[in-house]
Structure formats: C-alpha cells, structure tokens
Amino acid sequence: MLDIKQIRANAEAVQAKLSLRGGDYDLQPLLELDSKQRDIETRRSQLQSRSNNIGKEVGQKIKGGSDPKGPEVAALREEGNSLKKQLADLEPEEKELKVKIQDILLTLPNLPSDSTPEGKSEEENVEISRWGDDKKRGPEGILPHWEIGEKLGIFNFERSVKVAQSRFVTLMGAGAALERALISFMLDKQIEAGYIEALPPILVNSESLTATGQLPKFAEESFKCADDDLWLTPTAEVPLVNLYRGDILDSEQLPINHCAYTPCFRREAGSYGRDTRGLIRLHQFNKVELVKIVSPETSEAEHETLRTNAEAILQALELPYRVIELCSGDLGFGAAKCYDLEVWLPSAETYREISSCSNCYDFQARRANIRYKEAGKKGTQFAHTLNGSGLAVGRTMAAILENYQEPNGAVKVPTALQPYLNQDVL
RNA sequence: GGAGAGGUGGCAGAGUGGUCGAAUGCGCUCGACUUGAAAUCGAGUGUACCGAAAGGUACCGUGGGUUCGAAUCCCACCCUCUCCGCCA
C-alpha cells in the first residue's frame, strides 16, 4: 500500500511513478476523499471532545451532591443528546470515506524504484548478466522435457487429468525422487546461506492475501475454499510474510531470513493455451521460497544478496541462466524492483523464468503492518520485505531434463544432486 | 461435531457504569547508592490518527446496541484453551 501522506505531499511525483507502470492512475478522486475525510475527522473529534467532557462533568456533579434528576444535570444530558445526534451523522460518513480511501489504496500498485529501468512491457526488460554455456546444448536431438519425461516414465499428465484436471502432473518413481531431492538440496543450500527453514500453512486467510497484495485485485488468480475464509497459497511468500503481520519487531531481530518449501497453487486464469505442455505452467507446483524482512537502509543490499542466493542454486546445478531486471511496465503489483532469473531450455532455445526476486520496499509492510523499533529511538518504522524463488522446483526439473539429456535419451543427474538420489542417471 | 472456560498494555494480572489509557507485580530504560555487580531507592516506559502548535481523538478480541458517560451492561460474530467424540 502506498503512503497516503506521501500521496498528499507529492501527488504529482507519485502519479508520474505510477504511470511508468502503464495504465491509468488518477489520484485526484483519492485526494478529494482524503481531504473530506480529514475535515470530518476534525469536526467529529471536536464534538467527541465536548461530549467526553459532558460525561465527566455529570459524573463530578453527581459525586459532588447534585441531584441526578435536577435541572443542572438535565441540561448537560440534553447537550449530550444533541451532540450524540450530530455525531451519529458524522460517524457513518467518516467511516464510509475511510473505507473508500482504503479500497482505492489497496488497488494501487507499488511505485517502481528509482533504479528500475523505464519501459512499457517485457520487451524492455534489461539483461543484467548471463551464466553458463547456453550453446553447449542446441535444440538438435533434444526432446522437450515433457516428451523425455513421459518416455522415462517419470511423470504422467494424462492420469492426472482424471484425478484433478488439466495442468496437473503426477511425478512417478525417479521423477518423484528427483523432485524431492531438488527440494532438499535447495533448502539445504539456503539454510547454509543463513535462512531459517519454515514449513508454514499452505491455506491462508483473506487478510493474509490482502497483506501481501494478492487481494483484493487478483482474487481470480487463487483457489478459494468454498466454506471457509481460506485460500490455497499461490506462493510461500504469503504465509512467510504474514507470520509477522501486525508485529513491532526490535531492530536487532532484523534481518529475518526464511526459506520454505511449499506447494503453490495458481488458477492461471487467462493463460489458456499458454505453456499447455510440460511442467512450466501448472495449477500446482512446488517451490522453495526465500523471504527477507529487513530495515530500509539495508534492503537494496539484501535484495542483491537474495538474488545471489537464488543464483547459487542454478550455478550449483550447472544450469545456464541469465538475470533480467524487469522494467517498470513489467513489474509485479507489489514490487518496487525485481530481478528475474531465467534458465536455459535448449529444446525451445529460450530462457524461461525460474525465479523472481522482488524488493517490495514498505509496500507489503504497510499492508501487513510490520514495523520495527530501534532501541532508544522513539516511534516505529515500516520494515522492507523481499521475496524470491530459490527456485521453482518443477521448472528446475524441466531444465535438468533438457540440459542434462544425453543423445541416447538418458538424463544425467547433476553432480550436486547425486548425494540426494540413489541414481546418477535417470 | 458436543460441553465448558476465557480473550485487558512486552509478560503476568486487577478492574462489573463515572476524571480508566487503565491498579499492582515482573521486565525494560535512565538516575542515585556501590571499586564493580547484586540488592535497594527514585523517575520513566503502548500504538495510531488529526493539528503549525497548544492540544484533541481512537484503541481493553471484532462489529453493533443501551447511556449524558461503557474495559465494565445487552446482542451477534471471531479466536484461543480444556474435556469428550472423530481422525492423519
């Protein structure tokens, strides 16, 4: 959520930043509601103040021996009643304005950071670096991962349709073991890097989804339980960040670093026909997620660290990848700055997103009310939250199946992964 | 699912209509005493909003209601705990 005070003070600058994302954002109605609300608040609190005093005066009079039914007290009562009527008009009006303001604020995306490149769409994303040799494996003789996977019998899409629907997979035998190995490997690496492992709930309530930014705008993206206020998590970022919702942390507690493996669930509404084959775009997929809660001064540096931690997995698995910095127009709703890691998929001769590392600044912290306090200092500050995949497990499996494919159709297990599996060839 | 208990400040815990943002204890901060520490004594110690400031307002699980006045009374809801049942 954006800071209404900042919008008030620098409406034009905020407007300009928002428009870098593309789309129309008119802050004028918001500002009008805001000034109206504050007007009413001032009036209301003055009336309330008088009303509070009347209450006290009545109490004093009665204690002091006045007749509770006498004229003195009756006059105060009458004034109290008249104030009550006025307040009864103002209160709902103010409440309604506050709701309207909040509703608007909740739908405004984060401002791109100053360092985010300007651009309209993903075309204008900026490549930061490349790692590994993407020429080592051309498309010749390489089966796309879904074909080699079916061939090896390590996953099955058709039967999964029967169980659930399309865009679900069942991993079998070595496929299941490989997925499990990848999860363990990724977690171990991140624990080594200083993250504390969490295994959080994967059903989350509406408040949690609102705090991290999936609600209210993107309700159609998540699966909702019919009879409860619970949703299937689209990413572990949601439960991890919300663990600290409403907290006032000590500055010594920061940075908080968590890694978590969870299944993730996405409805993928509006992506019909895209990536219909394989492990790239499923309704349910596994992911190891990294989350950091940090102080603002350190958040830029922490963002680089987070990205490096995610990159370390690709490097350890010796998968060629590149780092992209998203331009303002391609930035996710809550992100101020974002790097995508894209892994090389030789069958398609393209890089595909396998991790997204975002710095949300105080956007989520403000929604989630996550603050911290510095010892000796007055007041609190909103923390900064960061998140990144370390990594999407299914997509990692896809990358391995292609990049490690031998001409005879065998798939070697990456060296780093061999301690986690009972076989070194699939 | 059934029955019961309960939700008050960092924690414990008092408060059942009147100056209660809330006693008391612990914790924490600062100061005194001390060579230092402990003990002791003194002072302080929630969050947010409005306001240039003075100051004001809100918050005792949440939302309503009664009243001049609600932590306290009434209604609804949520959550937690205990026991029973069921269950991985």
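Just the heavy atoms: all of them, side chains too, but no hydrogens, waters or symmetry mates, feed the values below. Reminder, nothing fancy here: chain letters follow the sequence lines and each chain counts from 1. Keep in mind that this is a model prediction, so the values were computed, not measured.
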Is the phosphate of B:C50, meaning OP1 or OP2, less than 4.0 Å from a side-chain N or O of A:Arg8? yes
From CG of A:Leu76 over to P of B:G69, roughly how many Å is that when rounded to an integer? 12 Å
For A:Lys95, report the nucleic acid contact type (base, sugar-phosphate, nothing); a contact means any heavy atom under 4.0 Å. sugar-phosphate
Once you round it to whole Å, what is the distance between P of B:U47 and CG of A:Asp247? 14 Å
Tell me what A:Arg366 touches on the nucleic acid: a base, only sugar-phosphate, or nothing, going by heavy atoms under 4.0 Å. nothing
Kindly say if A:Arg38 contacts the phosphate of B:C49, meaning a side-chain N or O under 4.0 Å from OP1 or OP2. no
pair_partner(B:C81), Watson-Crick or wobble, both distances < 3.5 Å, evaluates to B:G4
If you compare every side-chain N and O of A:Lys56 against the phosphate oxygens of B:G69 (OP1, OP2), does one of them come in below 4.0 Å? no
Please answer whether the main-chain N or O of A:Leu331 pairs with a side-chain N or O of A:Arg21 as donor and acceptor at a distance below 3.5 Å. yes
The side chain of A:Glu41 is closest to which nucleotide in this list: B:C49, B:G56, B:G51? B:C49
Is the shortest side-chain N/O distance from A:Thr380 to OP1 or OP2 of B:A48 below 4.0 Å? yes
Worked verdict on A:Ser49 versus A:Asn52 for side-chain hydrogen bond (donor to acceptor under 3.5 Å, both in side chains): CA-CA 5 Å; A:Ser49 172; A:Asn52 288 345; 6.0 Å; no
Pairing check on B:C28: which nucleotide meets the Watson-Crick or G-U wobble criteria with it, both distances under 3.5 Å? B:G44
Nearest-angstrom distance from the residue atom CD1 of A:Ile40 to P of B:C49: 19 Å
Among A:Cys360, A:Pro109, A:Ser358, the one residue meeting side chain to side chain contact (heavy atoms under 4.5 Å, CB included) with A:Phe333: A:Pro109
Once you round it to whole Å, what is the distance between C1' of B:C49 and CD of A:Gln37? 9 Å
Spacing of A:Asp39 atom CG relative to B:C49 atom P, expressed in whole Å: 19 Å
For B:G69, the Watson-Crick or wobble partner whose two distances fall under 3.5 Å: none
Out of B:A48, B:A58, B:C50, which has the shortest distance to the side chain of A:Gln48? B:A58
Specify the separation, in whole Å, of atom CD of A:Gln46 and atom P of B:G56. 12 Å
Regarding the side chain of A:Lys5, the nearest nucleotide among B:U67, B:C50, B:U57 is B:C50
Winner on side-chain proximity to A:Ser49, out of B:C50, B:G56, B:U67, is B:G56
With respect to the phosphate group of B:U47, does any side-chain polar atom (N or O) of A:Lys373 fall under 4.0 Å of OP1 or OP2? yes
Out of B:G64, B:U57, B:C68, which has the shortest distance to the side chain of A:Arg77? B:C68
Does a side-chain N or O from A:Arg44 land closer than 4.0 Å to OP1 or OP2 of B:C50, or not? no
Are any of the side-chain nitrogens in A:Arg395 or A:Glu342 under 4.0 Å away from the carboxylate oxygens of its partner? no
Is the ring centre of A:Tyr195 less than 6.0 Å from the ring centre of A:His258? no
Position toward the 5' end of RNA chain B (nearest nucleotide), A:Ile4 or A:Glu57: A:Glu57
At less than 4.0 Å, is any side-chain N or O atom of A:Asn52 found next to OP1 or OP2 of B:G69? Yes or no. no
Could you check A:Thr42 against A:Gly59 and say which one's nearest nucleotide on RNA chain B is further toward the 5' end? A:Gly59
Just how far, in rounded Å, is P of B:G56 from CG of A:Leu90? 20 Å
With P as the reference atom in both, quote the distance from B:A12 to B:G2 in angstrom, rounded to an integer. 30 Å
Write down the distance separating the C1' atoms in B:C41 and B:C78, rounded off to the nearest Å. 47 Å
Please state whether the rings of A:His145 and A:Phe155 are parallel, tilted or perpendicular, taking 30° and 60° as the class boundaries. perpendicular
Between the side chains of A:Arg281 and A:Glu268, is the shortest nitrogen-to-carboxylate-oxygen separation below 4.0 Å, so that they form an ion pair? yes
The side chain of A:Asn81 lies closest to which of these nucleotides: B:C68, B:U57, B:G46? B:C68
Sticking with atom P, work out how far B:A3 lies from B:G18, rounded to a whole angstrom. 35 Å
Under 4.0 Å, heavy atoms only, any strand: does A:Leu83 hit a base, just the sugar-phosphate, or nothing? nothing
